[in-house]
2 protein chains.
Amino acid sequence: MARAATTTDVFNAIAEPRRRDVIGVLADGREHAVGEVVVRLRMAQPAVSKHLGVLRKVGVVTVIRRGQHRMYRLNAAELKTVHDWVRTFERYWTHQLDQIRRRAEQKAQERLISKVSGKKEE
Amino acid sequence: MARAATTTDVFNAIAEPRRRDVIGVLADGREHAVGEVVVRLRMAQPAVSKHLGVLRKVGVVTVIRRGQHRMYRLNAAELKTVHDWVRTFERYWTHQLDQIRRRAEQKAQERLISKVSGKKEE
DNA sequence: GGAATATATTCCTATATAGGAATATATGTC
DNA sequence: GACATATATTCCTATATAGGAATATATTCC
């Protein structure tokens, strides 16, 4: 099987760096025309349209027509899924001292093991 | 150009649902053998090895040999990149009241616009 | 050394891009 | 209506999978 489609879920949608750039432009929460994104990111117009299309399919952005423009707006709520997932690991980097202690213990243990087994570490 | 390699960065690595499952097994911060992941997730062994390989390349997991086992451990610090990025949007869903107000204003504005332009919304 | 166990790697295939080029569609202006 | 502007869509191609099957490698035990 191939990789899952980018339109499958938010994780896939934001995997593309350029799409995160596009989201960055919309990060102020206000609406922006496609052309504005094109200028700000110096990307080809079709590329921007496609990326916005993917983001729209997964619900990360919404769009409304305004004359000849299409105004895109971030729907950050969709990113909450990602936040909720990654947040479960927050404790690993917030408690600096704990982390340093944990790592030291781990290192010590690994050294002990490699000494006993006589194998060198990866 | 094709999509970026999964080994390019953390965002691509966690885009695959099965890999997030694997990370989930390692979420307790302790070391786990490949076989344990295989049993817990009921995945094929080669699949698990491959996913762990990808995660290792981007640094999300570390591995040490222990006898005939390879013990994998989560290196959650690598996930901080994702956390930091998505955290910049946190304000959009934390302040519930603000969000509701913003949405109401937006809706009202969109209705006004569609009435004026005579076009129906997407 | 040989069998058993644990894990990684290789080979193959179907699929999904992402970007570029060209084109289509919609809207505004005169 | 003709033309300009804004945006989306189509077509094409190179590339990168993810999973399954088979195999290779490493380690332990007897």
Side-chain angles (χ1 to χ4, degrees), chain A residues 1-9 11-22 25 31-58 61 63-72 113-114 116-122, chain B residues 1-9 11-22 25 31-58 61 63-72 113-114 116-122:
Chain A
M1 209 184 292
R3 200 192 305 195
T6 54
T7 54
T8 299
D9 64 5
F11 286 92
N12 273 287
I14 66 168
E16 182 64 31
R18 301 308 264 155
R19 269 194 296 270
R20 292 201 298 280
D21 292 341
V22 171
V25 174
E31 49 177 45
H32 296 271
V34 177
E36 194 184 334
V37 180
V38 169
V39 172
R40 297 258 297 261
L41 299 180
R42 287 184 195 130
M43 281 177 66
Q45 175 266 313
V48 172
S49 282
K50 286 174 195 168
H51 285 314
L52 283 169
V54 170
L55 293 174
R56 196 169 72 83
K57 269 180 191 153
V58 298
V61 303
V63 62
I64 62 168
R65 255 177 243 251
R66 176 163 309 172
Q68 61 201 125
H69 297 251
R70 301 230 183 159
M71 310 305 291
Y72 283 86
I113 290 157
S114 61
V116 168
S117 65
K119 297 293 175 189
K120 70 170 192 295
E121 298 177 33
E122 287 273 282
Chain B
M1 211 183 291
R3 202 192 303 195
T6 54
T7 54
T8 299
D9 64 5
F11 285 92
N12 273 288
I14 67 168
E16 183 63 32
R18 302 308 263 155
R19 269 194 297 267
R20 292 201 298 279
D21 291 342
V22 171
V25 174
E31 50 179 42
H32 297 271
V34 177
E36 194 185 334
V37 179
V38 169
V39 171
R40 296 259 297 262
L41 298 181
R42 289 184 193 128
M43 282 177 65
Q45 175 266 312
V48 172
S49 283
K50 285 173 194 168
H51 286 312
L52 283 169
V54 170
L55 294 174
R56 196 170 72 81
K57 269 179 190 153
V58 299
V61 304
V63 62
I64 62 168
R65 256 178 243 249
R66 175 163 311 171
Q68 63 200 126
H69 298 250
R70 301 231 184 157
M71 310 305 290
Y72 283 87
I113 290 154
S114 60
V116 168
S117 65
K119 296 294 175 188
K120 70 172 192 294
E121 298 177 30
E122 286 274 283

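Here the structure is a predicted model, which means the values were calculated and not measured. Below, chain A is the first sequence line, B the second, and so on; all start at residue 1.
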Next item on the list: For the pair A:Arg56 (side chain) and A:Val61 (backbone), establish whether a donor and an acceptor sit closer than 3.5 Å, ignoring hydrogens and angles.
Entry: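 Looks like no, no N/O pair under 3.5 Å.
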Margin query: If we ignore hydrogens and angles and just use 3.5 Å, is the side chain of A:Arg20 paired with the main-chain N or O of A:Ile14 as donor and acceptor?
Written below: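 Looks like yes, one N/O pair under 3.5 Å.
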Margin query: Starting the side chain at C-beta, find the nucleotide from C:dA22, C:dG19, C:dT9 nearest to B:Pro46.
Written below: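 Among C:dA22, C:dG19, C:dT9, the one nearest the side chain of B:Pro46 is C:dT9.
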Distance check: side-chain N/O of [X] vs OP1/OP2 of [N], anything under 4.0 Å?
X	N	value
B:His69	C:dT5	no
B:Tyr72	C:dA8	yes
B:Arg19	D:dA18	yes

What is the separation between atom [atom1] on [X] and atom [atom2] on [N], rounded to the nearest whole Å?
X	N	atom1	atom2	answer
A:His51	C:dT17	NE2	C1'	11 Å
B:Leu41	C:dT7	CG	P	14 Å
B:Met71	C:dA8	CE	P	12 Å
B:Ile14	D:dA18	CD1	P	13 Å
A:Asp9	C:dT17	CG	C1'	15 Å
B:Arg70	D:dA26	CZ	P	9 Å
A:Leu55	C:dA18	CG	P	11 Å
B:Glu36	C:dT7	CD	C1'	15 Å

Notebook entry, point to check: So what does A:Thr6 touch, heavy atoms closer than 4.0 Å: a base, only the sugar-phosphate, or nothing?
Noted result: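 Sugar-phosphate only.
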Note to self: Base, sugar-phosphate or nothing for B:Ala47? Non-hydrogen atoms, less than 4.0 Å.
What the structure shows: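 Counting heavy atoms under 4.0 Å across all strands, no contact is made by B:Ala47.
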Next item on the list: Test B:Val58 against B:Asp9 for side-chain contact (heavy atoms from CB on, under 4.5 Å), laying out the working first.
Entry: CA-CA 6 Å; B:Val58 299; B:Asp9 64 5; 5.9 Å; no
Item checked: Upstream residue (5' side of DNA chain C) when B:Lys50 and B:Val34 are each assigned their closest nucleotide ->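 On the 5' side of the pair lies B:Val34.
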Item checked: Comparing B:Leu52 and A:Ala5 on DNA chain C - which has the more 5′ nearest nucleotide ->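 The 5'-side residue here is B:Leu52.
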Note to self: Any N or O donor-acceptor pair under 3.5 Å from the base of C:dA8 to the side chain of B:Gln45?
What the structure shows: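 Such a pair exists between side chain and base.
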Note to self: Tell me if the side-chain of B:Gln68 makes a donor-acceptor pair with the base of D:dT28, cut-off 3.5 Å, by modelled atom types.
What the structure shows: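 Result: no qualifying N/O pair found.
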Margin query: Under 3.5 Å for both donor-acceptor distances, Watson-Crick or wobble: does D:dA26 have a partner, and if so which one?
Written below: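 The base-pairing partner of D:dA26, which may sit in any strand shown, is C:dT5.
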Check: B:Arg19 and B:Leu55: side-chain contact (heavy atoms from CB on, under 4.5 Å), yes or no, with the steps?
Finding: CA-CA 8 Å; B:Arg19 269 194 297 267; B:Leu55 294 174; 3.8 Å; yes
Check: After noting the C-alpha distance and the side-chain angles of B:Glu31 and B:Ile64, does the key distance pass the side-chain contact (heavy atoms from CB on, under 4.5 Å) rule?
Finding: CA-CA 9 Å; B:Glu31 50 179 42; B:Ile64 62 168; 3.6 Å; yes
